[in-house]
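Quick notes on the structure that follows.
Everything numeric here is computed off the predicted structure, so don't read it as measured data. Just so it is clear: chains get the letters A, B, ... in the order the sequence lines come, proteins before strands, and each one is counted from 1.
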There are 2 protein chains.
Amino acid sequence: MATRTRRPERRQEPLSREHIVGAAVELLDAVGEDGLTFRALAERLATGPGAIYWHVRGKTELLAAATDAVVAAAVTIEPAESAESADSPQDGIRAVALGLFDAIEEHPWLATQLATQLSRSPWGTVAPRIFESIGRQVCALGVPEESWFTATSALMHYILGAAGQNAANTASAGTARPDVDRAVVLDAVSAAWEGLDPDDYPFTRAVAKQVRGHDDREQFLAGIALILAGITAIHSLTT
Amino acid sequence: MATRTRRPERRQEPLSREHIVGAAVELLDAVGEDGLTFRALAERLATGPGAIYWHVRGKTELLAAATDAVVAAAVTIEPAESAESADSPQDGIRAVALGLFDAIEEHPWLATQLATQLSRSPWGTVAPRIFESIGRQVCALGVPEESWFTATSALMHYILGAAGQNAANTASAGTARPDVDRAVVLDAVSAAWEGLDPDDYPFTRAVAKQVRGHDDREQFLAGIALILAGITAIHSLTT
DNA sequence: GGTCACTCTGGAACGCCGTTCCAGCAGCCG
DNA sequence: CGGCTGCTGGAACGGCGTTCCAGAGTGACC
């Protein structure tokens with residue numbers, strides 16, 4: 001009875017901060033970072049720009065909130081997959097890393113935002129989320145407590161750095177492009193590197209061929225394996 | 001070049017692309033990324049906005065050029081310091097890493113730009129520069145050729161990720177602030193982490209105390225040591 | 001039930017930005 | 001000496017983030 005007379009006369013739900021951030025993420029996914037406009041966002045929410053400012057302080061905060069929302073989702077999927085099935089802490093770390101990796105693939109704007117967010121305020125809400133997820137696994141690895149911070153930081157920084165660069169590979173491929181584009185791009189890069197000045201870039205030229213057929217995800221995991229090997233070696237843990 | 005002549009009195013300098021990029025870097029250093037405006041840049045160069053467009057395609061290209069210029073300088077200082085004096089490839093890698101680290105400290109806007117640059121077009125001019133500098137040392141380390149790409153990528157990604165986050169520490173400290181601010185900020189971060197939800201953030205809370213007194217540069221090098229240990233361990237090289 | 005206050009809305013307006021346009025200047029070539 | 005070309009710089013345009021404000025909706029209190 002209480003809610004009976006409340007017809008769906010309202011064109012929409014009350015326009016909460018959650019809705020705004022959700023719409024912002026959709027908009028970012030659809031049209032990219034430059035496409036996220038307060039006017040476009042207002043239109044999508046069937047309102048005016050001014051209304052949004054009642055819930056969000058400005059564009060900076062909006063982007064931060066969108067980033068945080070996506071990261072939170074990416075980092076907390078993990079228990080479903082790895083809590084029971086995955087056994088080793090190494091698998092746990094890989095799960096967290098790939099969660100972020102995939103999130104960036106799905107939301108290409110995330111790479112830039114993550115970097116901006118972390119470099120503008122490195123200790124916001126985003127960093128602790130990632131830090132916590134990785135840190136628990138590092139802890140489970142048997143790393144001594146005084147090295148928790150170092151080991152976890154190293155992993156987090158690698159993940160963020162690698163994911164950031166690898167983003168564009170799929171981002172430039174557009175919404176529904178297969179691996180065809182990717183091969184073309186990689187060929188172009190490889191060719192460009194081979195065309196560099198032999199005096200200035202001997203190493204890069206030598207490696208150019210390896211670029212052509214490499215798999216991003218495999219390469220990403222190889223880097224993590226490298227760091228994990230370093231951690232276990234330095235603290236002489238059992239693999 | 002290093003002089004502080006802020007007077008745009010010289011009218012007869014032909015306004016080359018070099019001058020524009022140089023002025024852009026100075027402007028970025030002085031007033032930050034948001035302060036780099038075509039109008040402000042034009043005023044500093046004693047010209048109009050239109051003239052700049054004859055030498056530079058747009059703001060994107062201008063930022064890319066500024067980033068490239070600073071990275072190039074940061075990465076090529078290295079031979080002077082390490083070519084003869086430093087002996088081991090490990091030292092060489094540390095030199096390159098610290099060169100970038102310092103460059104980001106000196107140009108706080110570089111962290112965001114580096115990330116943007118690499119994620120927008122990962123194989124522009126910036127990536128090969130860094131890649132080459134690190135790769136030569138990796139090569140000298142004795143890493144087998146088929147792992148050159150993996151090892152170098154891992155190092156580069158860590159360096160970029162770590163440098164990006166650590167940028168804000170000094171960036172927020174302003175132009176000439178000593179370590180006083182830094183201690184305050186670190187205390188605040190540590191306190192904030194300790195105030196997190198014990199159920200959601202047990203690890204982060206446990207590590208909060210380590211944040212308080214840590215040294216960025218030391219931490220940065222510890223991460224590199226971790227990766228180097230991984231590289232030497234996996235390929236069973238002699239330390 | 002009427003009034004008030006308070007939350008929330010959304011359209012209009014402001015100032016600044018990146019970018020474009022174009023009239024005009026040098027210097028060179030014929 | 002007149003046009004052509006490379007280059008300059010001021011004015012103008014469309015669009016952005018943000019602010020302002022009149023007013024709708026809703027609950028509280030007399």
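One distance of note links NE2 of A/His55 with CD1 of A/Ile20; it measures 5.0 Å at 0.5 Å rounding.
Residue A/Trp54 places no side-chain N or O under 4.0 Å from the OP1 or OP2 atom of C/dT9. B/His55 has no side-chain polar atom (N or O) that falls below the 4.0 Å cut-off from OP1 or OP2 of D/dG6.
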Listed pairs, N/O of protein and of nucleotides 16-23 of chain C, under 3.5 Å:
unit_1: C/dC17; atom_1: OP1; unit_2: B/Thr37; atom_2: OG1; d: 3.4
unit_1: C/dG18; atom_1: OP1; unit_2: B/Leu36; atom_2: O; d: 3.3
unit_1: C/dG18; atom_1: OP1; unit_2: B/Lys59; atom_2: NZ; d: 2.4
unit_1: C/dG18; atom_1: OP2; unit_2: B/Phe38; atom_2: N; d: 3.0
unit_1: C/dG18; atom_1: N7; unit_2: B/Arg39; atom_2: NH1; d: 2.7
unit_1: C/dG18; atom_1: O6; unit_2: B/Arg39; atom_2: NH2; d: 2.6
unit_1: C/dT19; atom_1: OP2; unit_2: B/Tyr53; atom_2: OH; d: 3.0
unit_1: C/dT19; atom_1: OP2; unit_2: B/Lys59; atom_2: N; d: 2.8
unit_1: C/dT19; atom_1: O5'; unit_2: B/Tyr53; atom_2: OH; d: 3.1

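Not a single salt bridge (charged side-chain N to carboxylate O under 4.0 Å, His left out) links B/Arg39 to another residue, sequence neighbours left out. For A/Glu132, the side-chain hydrogen bond (donor to acceptor under 3.5 Å, both in side chains) partners at least two apart in sequence or on another chain are A/Arg136, B/Thr204. Listed by chain and residue number, A/Arg212 satisfy the salt bridge (charged side-chain N to carboxylate O under 4.0 Å, His left out) test with A/Asp187 (two or more places apart in sequence, or in another chain). Listed by chain and number, the residues in a side-chain hydrogen bond (donor to acceptor under 3.5 Å, both in side chains) with A/Thr112 are B/Ser119 (sequence neighbours excluded).
Rounded to whole Å, atom P of C/dG10 lies 10 Å from atom CD1 of A/Ile20. In this structure, CZ of A/Arg17 is placed 14 Å from P of C/dC8, rounded to the nearest angstrom. Per the geometry, CD belonging to A/Glu43 stands 11 Å off P belonging to C/dG11, to the nearest Å. Atom NE2 in A/His19 sits roughly 16 Å away from atom C1' in C/dT9 (whole-Å rounding).
Among pairs with a residue in residues 56-70 of chain A, those fulfilling side-chain hydrogen bond (donor to acceptor under 3.5 Å, both in side chains) read A/Arg17-A/Glu61, A/Asp68-A/Thr125, A/Asp68-A/Arg129, at least two apart in sequence or across chains.
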